[in-house]
A.B. asks: 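Can you keep this structure in mind? I'll have questions shortly.
Just so it is clear, the values below take in all heavy atoms, side chains as well, and ignore hydrogens, waters and symmetry mates.
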Amino acid sequence: MIAPSFRPATSSDVAALHRLIESAYRGDSAKAGWTHEADLLGGQRTDEGELLDIVADVSRIILLAEVEGILTGCVHVADQGEGLAYLGLLTVDPTRQAGGLGRLLIDAAETEARSRFAATRMEMTVIRQRSELIAWYERRGYALTGETRPFPLDETTFGLSDRDLTFVVMEKALG
């Protein structure tokens with residue numbers, strides 16, 4: 001794998017970023033990778049408005065991964081205050097999954113959380129039914145906290161499901 005470069009997303013990246021996220025999380029294209037939610041959720045994963053809001057907010061950042069100028073992945077990091085950062089929207093182009101880019105994106109997110117937000121801990125939420133993904137995060141040093149949070153089934157901009165979904169919270173101390 002050619003080493004990716006990382007940079008913060010800007011408003012001019014939002015259209016391409018939205019396409020990448022939707023292709024990795026929803027629909028048939030997502031099923032080319034192993035991290036999709038397409039069997040649990042329909043509808044959209046996010047929208048361009050939400051992505052523009054993130055890009056404009058100094059307490060949040062989306063890091064883009066590019067290989068030879070091609071957008072291949074992203075990760076969202078948000079300052080939660082009191083040394084806590086949140087990791088979300090970890091996305092790798094479905095045709096490039098299982099090649100190590102996800103690990104590199106997590107490393108970049110953790111570095112960004114420490115340097116930009118002075119974070120000493122990183123948390124994330126994962127749909128409880130995604131045991132394979134939870135195990136992958138555990139191998140990256142994240143641990144289940146025992147806390148759960150409700151899935152926003154009433155927010156159609158996050159996805160549509162007729163299942164009872166719940167988030168589990170995972171956390172890692174940042175060295």
Side-chain angles (χ1 to χ4, degrees), residues 1 3-9 17 20-26 30-41 45-46 50-51 54 57 59-65 71-94 96-153 155 158-159 161 163-175:
M1 177 177 82
S5 60
F6 298 98
R7 67 175 177 85
L17 182 59
L20 172 70
I21 292 167
E22 294 303 314
S23 76
Y25 280 88
R26 301 287 192 268
K31 293 179 181 180
W34 70 273
T35 64
H36 67 85
E37 299 171 345
D39 294 333
L40 295 173
L41 292 159
R45 171 60 180 82
T46 188
E50 179 186 17
L51 296 173
I54 294 169
D57 185 342
S59 69
R60 302 186 288 172
I61 185 171
I62 296 178
L63 292 175
L64 304 181
L71 179 61
T72 57
C74 71
V75 65
H76 171 220
V77 182
D79 184 14
Q80 302 295 292
E82 299 182 17
L84 180 65
Y86 181 84
L87 184 149
L89 279 179
L90 180 62
T91 305
V92 174
D93 178 325
R96 295 177 184 253
Q97 289 181 11
L101 183 56
R103 285 186 289 275
L104 295 174
L105 279 160
I106 288 176
D107 290 346
E110 291 171 356
T111 297
E112 194 71 24
R114 283 190 299 271
S115 64
R116 183 178 293 258
F117 304 128
T120 57
R121 302 176 344 269
M122 182 85 87
E123 79 168 12
M124 69 177 72
T125 55
V126 182
I127 297 171
R128 177 190 312 251
Q129 288 83 346
R130 304 206 48 220
S131 56
E132 216 177 292
L133 187 57
I134 291 167
W136 187 83
Y137 283 124
E138 288 175 324
R139 292 191 300 274
R140 311 278 93 65
Y142 287 82
L144 291 166
T145 66
E147 180 184 354
T148 61
R149 295 183 186 156
F151 187 89
L153 288 172
E155 294 180 31
F158 197 76
S161 181
R163 299 179 190 208
D164 183 24
L165 302 176
T166 304
F167 285 120
V168 293
V169 179
M170 301 186 79
E171 189 173 298
K172 178 181 179 178
L174 301 178

A.B. asks: Looking only at heavy atoms, which two atoms of Thr91 and Leu105 are closest? And how far apart?
C.D. replies: O-CD1, 3.5 Å
A.B. asks: Please step through side-chain contact (heavy atoms from CB on, under 4.5 Å) for the pair Arg116 and Asp79, ending with a clear verdict.
C.D. replies: CA-CA 9 Å; Arg116 183 178 293 258; Asp79 184 14; over 6 Å; no
A.B. asks: Which heavy atom of Pro8 sits nearest to which heavy atom of Ile61, and what is that distance?
C.D. replies: CB-CD1, 3.7 Å
A.B. asks: Please identify each residue that fulfils side-chain hydrogen bond (donor to acceptor under 3.5 Å, both in side chains) with Ser59, with sequence neighbours left out.
C.D. replies: Asp57
A.B. asks: What are the two closest non-hydrogen atoms of Val77 and Ala113, and how far apart are they?
C.D. replies: CG1-CB, 3.9 Å
A.B. asks: Partners of Arg140 by salt bridge (Lys or Arg N to Asp or Glu O under 4.0 Å), sequence neighbours excluded?
C.D. replies: none
A.B. asks: Rounded to the nearest 0.5 Å, how far apart are CD1 of Ile21 and CG of Asp93?
C.D. replies: 12.5 Å
A.B. asks: CD1 of Ile54 to CD of Glu50: how many Å apart, nearest 0.5 Å?
C.D. replies: 4.5 Å
A.B. asks: Of all heavy-atom pairs between Leu63 and Ala108, which one has the smallest distance, and what is that distance?
C.D. replies: CD1-O, 3.7 Å
A.B. asks: To the nearest 0.5 Å, tell me how far Leu87 CG sits from Glu112 CD.
C.D. replies: 11.5 Å
A.B. asks: Between Phe167 and Ile127, is a side-chain contact (heavy atoms from CB on, under 4.5 Å) present by the stated rule, with each step listed?
C.D. replies: CA-CA 4 Å; Phe167 285 120; Ile127 297 171; 3.8 Å; yes
A.B. asks: Kindly indicate whether the side chain of Tyr142, heavy atoms from C-beta on, has any atom under 4.5 Å from the side chain of Met122.
C.D. replies: yes
A.B. asks: Give, for atom CH2 of Trp136 and atom CD1 of Ile106, the distance between the pair rounded to the nearest 0.5 Å.
C.D. replies: 3.5 Å
A.B. asks: Any sub-3.5 Å donor-acceptor pair from Thr166's side-chain atoms to Arg128's backbone N or O?
C.D. replies: no
A.B. asks: Could you tell me whether the side chain of Thr46 reaches within less than 4.5 Å of the side chain of Glu22, counting heavy atoms only?
C.D. replies: yes
A.B. asks: Provide the closest heavy-atom pair for Pro4 versus Ala65 in the form atom of the first, atom of the second, distance.
C.D. replies: CB-CB, 4.3 Å
A.B. asks: Just how far is it from atom CG of Leu89 to atom CG of Leu17, taken to the nearest 0.5 Å?
C.D. replies: 7.5 Å
A.B. asks: Would you give the length of the straight line joining atom CZ of Phe117 to atom CG of Leu174, rounded to the nearest 0.5 angstrom?
C.D. replies: 12.5 Å
A.B. asks: Is the closest basic N to carboxylate O distance between Glu123 and Arg121 below 4.0 Å?
C.D. replies: no
A.B. asks: Measuring only between side-chain heavy atoms, which start at C-beta, is Phe151 closer than 4.5 Å to Thr125?
C.D. replies: no
A.B. asks: For residues Leu64 and Leu20, determine if any side-chain heavy atom of one lies less than 4.5 Å from a side-chain heavy atom of the other.
C.D. replies: no
A.B. asks: For the residue pair Leu90 and Gly102, what are the closest heavy atoms and their distance?
C.D. replies: CD1-O, 4.2 Å
A.B. asks: In the structure I gave you, are the side-chain heavy atoms of Met170 and Glu138 within less than 4.5 Å of one another anywhere?
C.D. replies: yes
